[in-house]
Amino acid sequence: MSKKPVSPLRQRLIDDMTARRFGEDTKRDYVRNVRKFAAFLGQSPDTATSEDLRRFQLHMAQQQVSPSTINAAIAALRFFFTVTLEKPDLVRPLRTVTKPRKAPIVLSQEEVARLLQAAPSLKYKAALSVAYGAGLRVSEVGNLKVSDIDSGRMMLRVEQGKGQRDRDVMLSPQLLQLLREWWKAARPQVWLFPGQNPINPLTERQLNRAVTAAKDLAGISKRVSPHTLRHSFATHLLEQGVDIRVIQVLLEMAT
């Protein structure tokens, strides 16, 4: 968290999140949103009333704040008032906002093949192939270790994915062969896809840049990100007749 002196109230919030094993990103988001509410209130947030919280949500809506930003603030304030302050009744006026749902961009199988062939290097071809062939999130691709490849069981081990859960995902023979080619070429030691500094994993920004370069070289006009490959993976399975419940399990979306 911040190196600045921490107030007892903020420290209690941080301790409550730590006790529940929240990730560092979540901690920073919650602290930032509680701080924004305090700035709106003009005084310590533990003095707030239910009406103050209602006014804050109205203020965000009037400022044309996005639904995802409003919902993130609501999640932080609900935790702060319910857990840290033990005043759950105060947050009853807060209501999450429905996000406009847009159909995800999906590539055809032919477009996926062109994209992967146009990847700027063998490393990025292998990394993007994992995103598509195993349906992984971009953060999960970057955090893969060499030891996560289980060729005996034809599985990839994904550690601390969404929800801080470990899981195994399928590994096709073609993808395993490509990963072997990559390993023989680069001999990565720890991270399967090292970043510019080998002690760090490949970053989401690096993968996004690689996708943009590949889609331009492949002549694909659609807006494409690494997450597009995950959506395309699910769509192609559905088109092949795989049961939607099986796809949900493969993507670890069923909750």
Side-chain angles (χ1 to χ4, degrees), residues 23-26 29 66-69 71-72 75 98-121 123-145 148 156-172 174-175 178-179 182 191-193 195 200-240 242 244-255:
E24 290 303 315
D25 288 344
T26 302
D29 287 344
S66 70
S68 59
T69 300
N71 290 340
T98 302
K99 303 177 184 178
R101 302 198 67 175
K102 297 181 180 179
I105 295 173
V106 174
L107 300 178
S108 67
Q109 294 187 42
E110 185 268 339
E111 287 174 324
V112 170
R114 282 164 46 204
L115 181 78
L116 297 178
Q117 283 301 119
S121 68
K123 175 170 75 172
Y124 288 114
K125 180 180 180 180
L128 296 177
S129 294
V130 168
Y132 173 70
L136 297 193
R137 300 174 179 90
V138 61
S139 59
E140 294 170 342
V141 173
N143 288 324
L144 285 173
K145 299 182 179 69
D148 291 330
L156 276 175
R157 184 68 172 169
V158 178
E159 295 183 348
Q160 299 296 288
K162 188 173 182 180
Q164 302 298 304
R165 291 177 292 184
D166 297 345
R167 73 183 193 280
D168 291 328
V169 297
M170 60 186 185
L171 176 61
S172 69
Q174 296 87 347
L175 185 53
L178 178 58
L179 293 178
W182 159 240
W191 303 109
L192 182 57
F193 304 115
N200 298 320
L202 193 66
T203 66
E204 294 186 21
R205 177 177 293 182
Q206 289 171 310
L207 270 176
N208 273 295
R209 287 176 176 172
V211 167
T212 299
K215 74 109 174 175
D216 289 342
L217 285 173
I220 297 172
S221 59
K222 298 175 182 176
R223 292 185 61 185
V224 180
S225 71
H227 204 68
T228 305
L229 294 171
R230 179 173 157 87
H231 282 305
S232 301
F233 165 81
T235 300
H236 296 164
L237 288 179
L238 192 61
E239 291 172 347
Q240 293 166 17
V242 177
I244 185 64
R245 290 167 294 185
V246 174
I247 298 174
Q248 287 176 329
V249 171
L250 291 174
L251 293 176
E252 199 67 8
M253 290 166 57
T255 55

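Using a 4.5 Å heavy-atom cutoff, the side chains of Tyr124 and Leu202 are in contact. No side-chain heavy atom of Lys123 sits less than 4.5 Å from a side-chain heavy atom of Gln206. A heavy-atom distance below 4.5 Å is not found between the side chains of Asp148 and Asn143.
Listed for the Lys215 side chain is no donor-acceptor partner under 3.5 Å among the backbone atoms of Arg223. Within the 3.5 Å criterion, the main-chain N or O of Ser68 finds no donor-acceptor partner in the side chain of Asn71. Looking only at distances, no side-chain donor or acceptor of Trp182 sits under 3.5 Å from a matching main-chain atom of Ala127. Between the side chain of Thr228 and the backbone N or O of Ile105, no donor-acceptor pair lies under 3.5 Å.
What you find for Pro120 and Ala210 is that their closest heavy atoms are CD-O, 3.8 Å. Between Leu179 and Ala126, the closest heavy-atom pair is CD2-CB, 4.2 Å. Closest non-hydrogen pair, Ala118 versus Ala214, comes out as CB-O, 3.4 Å. Summarising the geometry of Val106 relative to Lys222, their closest heavy-atom pair is O-NZ, 2.9 Å, with the distance given to 0.1 Å. Contact between Arg157 and Asp166 at its shortest, heavy atoms only, is NH2-CB, 3.3 Å. Here the closest heavy-atom approach between residue Phe193 and residue Val130 is recorded as CZ-CG2, 4.2 Å.
Annotation: the span from Leu156 atom CG to Leu171 atom CG amounts to 4.5 Å, rounded to 0.5 Å. Atom NZ of Lys145 and atom CG of Leu192 lie 11.0 Å apart (nearest 0.5 Å). For the atom pair NE2 of His227 and CD of Glu204, the computed distance is 11.0 Å after rounding to the nearest 0.5 Å. If you take OG on Ser225 and NE2 on His231, they are separated by 7.5 Å, rounding to the nearest 0.5 Å. Atom CD1 of Ile220 and atom OG of Ser108 lie 7.5 Å apart (nearest 0.5 Å). Residue Glu140 holds its CD atom at 11.5 Å from CD of Glu159, rounded to the nearest 0.5 Å.
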Item to check | Check against side-chain contact (heavy atoms from CB on, under 4.5 Å), Tyr132 and Leu107 | outcome: CA-CA 11 Å; Tyr132 173 70; Leu107 300 178; over 6 Å; no
Checklist entry - Does the side-chain contact (heavy atoms from CB on, under 4.5 Å) test come out yes or no for Arg114 and Glu111, once each step is laid out? => result CA-CA 5 Å; Arg114 282 164 46 204; Glu111 287 174 324; 3.9 Å; yes
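In this view, Pro226 and Val138, Leu207, Asn208, Val211 satisfy the side chain to side chain contact (heavy atoms under 4.5 Å, CB included) rule, not counting sequence neighbours.
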